[in-house]
Structure formats: structure tokens, C-alpha cells
2 protein chains.
Amino acid sequence: MPDNRVIAEVLNNAPAIAGGTERVDHKQVVPGRKLEDRDNVLSNAARLFREKGFDKTSLKEIAEACEMLPGSLHYRYSTKEALLVELMRQGVGQVTAEVETARVSSDNPVERLRLCIDAHLRALLVDSDTVYVLLFEWRALTREAREEIIELRDRYESLWAHILAEMIQQGVIRRGVDDRLLRLIGLGALNWVATWFDPEGAYTLDDISEFIWQITLDGVIVEGCAG
Amino acid sequence: MPDNRVIAEVLNNAPAIAGGTERVDHKQVVPGRKLEDRDNVLSNAARLFREKGFDKTSLKEIAEACEMLPGSLHYRYSTKEALLVELMRQGVGQVTAEVETARVSSDNPVERLRLCIDAHLRALLVDSDTVYVLLFEWRALTREAREEIIELRDRYESLWAHILAEMIQQGVIRRGVDDRLLRLIGLGALNWVATWFDPEGAYTLDDISEFIWQITLDGVIVEGCAG
DNA sequence: CACTCATTTGGTTGGTCGACCAACCAAATA
DNA sequence: TATTTGGTTGGTCGACCAACCAAATGAGTG
């Protein structure tokens with residue numbers, strides 16, 4: 001993340017604030033800071049939306065967090081919803097990128113599934129707040145915007161559908177397992193983790209990932225105990 | 001179904017007077033009709049909260065749905081939040097009652113787990129909208145009210161902790177399975193179903209219940225394929 | 001019939017928020 | 001030096017809503 005900021009800085013030819021040759025202090029220094037701010041606005045908004053919810057977060061608060069005035073925010077995102085939509089686009093992009101990367105990083109179908117589960121969890125729990133907002137604030141969208149985001153989400157889920165279909169074809173998934181239900185239930189189990197996960201808590205991301213993987217392999221009931 | 005409602009009512013009885021100026025307790029004055037009206041307000045509110053979200057639903061709309069004026073609503077629930085809290089109390093009561101009933105209806109620990117999974121799903125998917133609102137609108141609560149609801153939710157989850165602990169003790173759950181993680185992940189998988197379930201859709205409640213049960217028994221990966 | 005108290009009515013009030021804009025400015029460009 | 005571009009400022013405006021209340025209603029009781 002800090003790397004990105006440096007890159008953005010370079011791309012903008014932004015003058016480094018070093019040395020004493022520049023006029024010191026006071027706000028409106030660093031004028032050409034486009035890209036950095038764009039990221040900054042979205043991540044600040046994501047954090048606030050996650051903490052307080054979309055409706056309970058005012059544009060004024062977001063602007064304050066970004067150290068700008070409400071009017072400046074309006075210049076960039078004409079409506080509050082446009083800001084949310086952009087946020088969600090970024091969220092889908094992030095999780096898609098993580099899982100896609102995981103998918104192509106192994107030839108073994110079983111290993112691949114494990115990596116993808118891990119990737120989804122990572123995007124959801126450590127990457128940022130955008131994926132969380134994507135999952136839990138879709139109701140704030142109007143019908144139109146919602147359809148766009150659902151389209152993007154469906155594209156992401158079709159990535160999973162692909163992964164699972166391949167495993168079924170190769171016979172590594174138990175016969176008779178409905179792939180669509182598996183996708184829905186599986187992603188559900190993963191997504192819900194975001195509601196209780198605590199980075200400082202008793203379970204690390206790897207603990208959770210490993211636990212889910214054990215269930216995927218063997219379930220939880222001792223053989224021969226089935227009623 | 002009506003039986004469960006009575007049980008829920010009983011379970012909720014304890015903290016009813018906590019508010020002091022609380023007007024929700026109408027004693028036995030005209031017992032039949034008052035309760036009916038009260039349910040009516042809560043179920044209408046639950047439906048609207050589920051459809052549009054808490055923040056986007058105005059008291060005027062709720063009043064209209066109940067065929068009364070906003071002032072009348074205010075007489076019953078002094079604040080919008082008080083209405084939501086009452087709703088959530090009822091939601092916890094419902095799901096607790098369903099699962100408790102399922103728990104005591106079988107002696108076989110494995111069969112019992114299956115019944116409880118089914119009960120949780122039923123409360124979540126068919127009983128009403130209150131459980132859905134309970135799960136997805138807790139952020140609308142202020143700190144104080146949230147703590148009360150979390151306390152109730154914890155009591156419900158301890159019911160599950162009991163069920164699972166017993167199974168572990170009896171050795172029907174695979175050794176080494178962390179019971180707390182199992183509860184969190186398991187309930188998560190169940191809860192998320194509420195986000196996509198469609199009563200008119202391809203999968204019935206029984207389909208879903210059965211599917212989850214199969215995974216619980218055996219996982220999804222064919223034996224010997226583990227990477 | 002009169003009394004009373006729970007409940008409803010219909011409307012006000014104070015406050016917040018999203019959207020919008022005209023003036024402004026600093027750097028880039030020509 | 002003159003003009004354009006990209007972005008900020010600070011404030012206004014209309015809409016809406018939760019909370020509140022004084023007066024009216026009406027059902028049960030003595």
C-alpha cells in the first residue's frame with residue numbers, strides 16, 4: 001500500500017516536500033495529488049461505511065476524514081451513491097484478483113481449491129474494508145446501481161463455478177454434490193467470518209482457513225456415527 | 001408455530017420492565033386484541049426493515065403499513081430504536097425456541113444436531129423477517145441497546161455450544177475439531193443462506209438442510225484425493 | 001349517565017443531510 | 001504574459017425525518 005502511494009506520487013510529478021526551499025506549512029501545498037487522493041477517499045469512505053454503515057455516515061464526515069471540504073468531495077463523486085459504487089467496484093476487483101491469482105498458481109485441483117479459499121478469506125479479512133462494504137451495504141444501492149454490482153459479483157462467482165466444475169469433472173469432489181449449492185454454502189461460510197473476525201482475536205486467518213479445509217476434506221462427524 | 005411464539009414470549013419476559021417508562025407491557029387489559037396489534041406492528045416493521053433497511057424506513061411508512069398515524073406508533077414505542085430492539089428480542093426468542101424444541105426432541109446426539117440445524121434454518125427462512133433483521137441490522141443499534149441484544153445472542157449461541165460440547169464428549173465429533181470455530185463457521189454457513197434463499201427458488205429448505213448435513217458427515221472431497 | 005384513563009389524532013418543531021454552485025486558485029500550457 | 005485545466009472553498013437550499021405534544025376519542029367502570 002505505501003508502495004502504491006509512492007508510485008502515484010511519481011506518476012503525478014508531484015513535488016517532494018523536502019528541503020527548506022519551499023514555502024513551509026499551511027494547507028494548500030501539494031497541489032497535484034490526484035491519484036493518491038482518489039485511493040485515500042475510497043479507503044476512508046470504506047472504513048467509515050464499515051464502522052457506522054452507509055446511511056449513518058455523512059458526506060461531511062467522509063470529507064473531514066479526507067481533510068477536504070464537502071464540496072471537494074462532490075466534485076469527485078457527484079452523488080453519495082456514486083462513491084459507494086466505485087468502492088464496490090474496487091472491492092469486487094480486489095477479491096477477484098486475489099482468487100484468480102490463487103487459481104492459476106497450482107495445477108493440482110485440490111491444492112488449488114485450498115489456495116482459493118485462502119485467497120477469498122484474505123481479501124475479505126485483511127486487504128481492506130471495501131470487500132466488507134461490498135458484502136453488507138448492497139442494500140444502500142438503488143435498483144440500477146445494484147444491478148451493475150450484482151453483475152460484477154456474478155462474474156466473480158462464475159470464477160468459483162469454474163473451479164468447482166473442473167473438480168467435479170476430474171472426480172475429486174464426491175459424486176452427487178450439487179455444485180451450485182456447494183458454491184453458495186461455501187462462500188457463505190467464508191463471508192460470515194467477516195462478521196466476527198478479530199485480527200487480535202484467538203484465531204488467525206490461517207487457523208480459520210485450515211479449519212474450513214479440514215471440514216471440506218472430512219466433515220466433522222466420526223465415521224460410523226451417522227444416524 | 002403458535003406454540004413457539006408462546007415460548008418466545010416467555011423467554012423474553014425477564015428484561016421487559018428494565019426500561020422503567022416502558023409502555024410495551026399492557027398486562028391483561030383486553031388480552032386478545034392488544035397482543036395481535038403488537039405483533040402486527042412488529043411484523044410490519046420487520047418486513048419493511050428487511051426490504052428497505054432500518055435507516056431507509058421512516059416511521060411514517062411503518063405507521064401507514066399498520067394503518068395508524070405516526071403519533072400512535074410513538075405512543076407504543078417511544079423511539080425508533082425501541083421498536084427495533086423489541087423486534088430483535090422477538091427474533092432471538094423465536095430462533096431460540098425453535099432450536100431448543102429440536103434439541104430436546106431426540107436422544108441421539110447425531111440426529112439431534114441434524115434437527116437443530118434444520119430448526120435454525122427454519123427460523124431464519126420461514127418463520128418471519130425478524131430473525132433476518134436481527135442478523136443484518138444490528139449496526140443500527142446504539143452501543144447500549146447493542147449490548148443487550150448481543151447478550152441475548154450469546155445466550156442463544158451458548159445453546160449451540162452445549163449441543164456441540166456434548167457431542168465432543170460423546171466422541172461423535174471428530175477428535176481435534178475446535179468446537180468454538182465449528183460453532184462460528186457452522187452458524188455462519190447457515191446464516192448466509194438468508195441472503196440468497198428464495199422460497200420460490202430451485203432449492204427448498206429441506207434441500208439445503210440435507211446438503212449441509214452431507215458435508216457435516218463427510219466433507220466434499222473424495223477420499224484419497226487430499227493434496 | 002358521568003368519570004376516567006388508555007389510546008389515537010393531526011400537526012409542529014428542531015435538526016440533519018445530500019445536492020448543488022459560483023467564486024476562487026495554482027499549476028500547466030501556449 | 002494570457003488562457004486553460006483540474007481542483008477547492010464555503011456556503012445555500014430544499015427535502016425529509018424522528019421526536020414530541022396538546023387536544024380529541026372512546027371503551028370500560030361505578
Side-chain angles (χ1 to χ4, degrees), chain A residues 8-9 11-17 21-41 44-45 48-49 52-87 137 140-142 145, chain B residues 19 21-38 40-41 45 48-49 52-87 137 140-142 145:
Chain A
E9 204 82 19
L11 288 174
N12 280 327
N13 294 330
I17 317 176
T21 60
E22 301 297 314
R23 278 168 288 167
V24 275
D25 57 52
H26 262 95
K27 302 255 170 127
Q28 63 275 60
V29 269
V30 198
R33 43 178 188 170
K34 281 193 298 197
L35 279 179
E36 179 190 351
D37 270 12
R38 178 151 307 188
D39 284 352
N40 197 29
V41 169
N44 273 311
L48 289 169
F49 289 163
K52 322 183 37 168
F54 178 79
D55 292 297
K56 284 196 147 62
T57 305
S58 73
L59 290 173
K60 195 173 143 238
E61 282 173 295
I62 298 173
E64 269 166 14
C66 303
E67 289 171 322
M68 55 174 71
L69 292 176
S72 308
L73 205 52
H74 180 255
Y75 173 78
R76 297 166 178 233
Y77 302 96
S78 58
T79 70
K80 197 183 177 188
E81 186 181 46
L83 172 57
L84 179 60
V85 168
E86 193 58 30
L87 200 66
E137 291 292 352
L141 297 173
T142 59
Chain B
T21 57
E22 211 46 71
R23 271 170 286 200
V24 283
D25 223 353
H26 299 291
K27 298 285 180 180
Q28 282 90 355
V29 196
V30 198
R33 201 192 146 207
K34 290 286 150 56
L35 276 181
E36 188 183 339
D37 270 11
R38 191 172 142 200
N40 196 30
V41 170
L48 289 169
F49 288 162
K52 321 183 41 171
F54 179 79
D55 293 296
K56 285 197 146 64
T57 306
S58 73
L59 289 173
K60 193 173 144 238
E61 282 174 296
I62 298 173
E64 268 166 16
C66 302
E67 287 171 325
M68 55 175 70
L69 293 176
S72 307
L73 205 53
H74 176 66
Y75 174 75
R76 299 173 177 223
Y77 303 95
S78 57
T79 70
K80 197 183 178 187
E81 186 182 49
L83 171 58
L84 178 60
V85 168
E86 192 58 29
L87 199 66
E137 291 292 351
L141 297 173
T142 60

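Worth saying up front: this structure is predicted, and the values here are computed from it rather than measured.
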Working for side chain to side chain contact (heavy atoms under 4.5 Å, CB included), residues H74(A) and L59(A):
CA-CA 9 Å; H74(A) 180 255; L59(A) 290 173; over 6 Å; no

Name all pairs fulfilling the salt bridge (charged side-chain N to carboxylate O under 4.0 Å, His left out) condition that reach into residues 57-74 of chain B, sequence neighbours left out, sorted by first residue then second.
K52(B)-E61(B)

Should [X] be listed as having a side-chain N or O under 4.0 Å from OP1 or OP2 of [N]?
X	N	value
S72(B)	dT7(C)	no
Y75(B)	dT8(C)	no
R76(B)	dT8(C)	yes

Using a 4.0 Å heavy-atom cut-off to protein, can you give one letter per nucleotide of nucleotides 14-19 of chain D, 5' to 3': B if the base is in contact, S if only the sugar-phosphate is, - if neither?
---SSS

Side-chain contact test, heavy atoms from C-beta onward, threshold under 4.5 Å: evaluate it for M68(B) versus V41(B) and give yes or no.
yes

Can you tell me how far the OG1 atom of T57(A) sits from the CG atom of N44(A), to the nearest 0.5 Å?
11.5 Å

Compare every heavy atom of P70(B) with every heavy atom of A63(B), then report the nearest pair and how far apart it is.
CB-N, 3.7 Å

In whole angstroms, how far is the [atom2] atom of [N] from the [atom1] atom of [X]?
X	N	atom1	atom2	answer
Y77(A)	dG6(D)	OH	P	16 Å
L73(B)	dG11(C)	CG	P	18 Å
L69(A)	dG11(D)	CG	P	9 Å

Run the numbers on L84(A) and Y77(A) for side chain to side chain contact (heavy atoms under 4.5 Å, CB included), then give the verdict.
CA-CA 9 Å; L84(A) 179 60; Y77(A) 302 96; over 6 Å; no

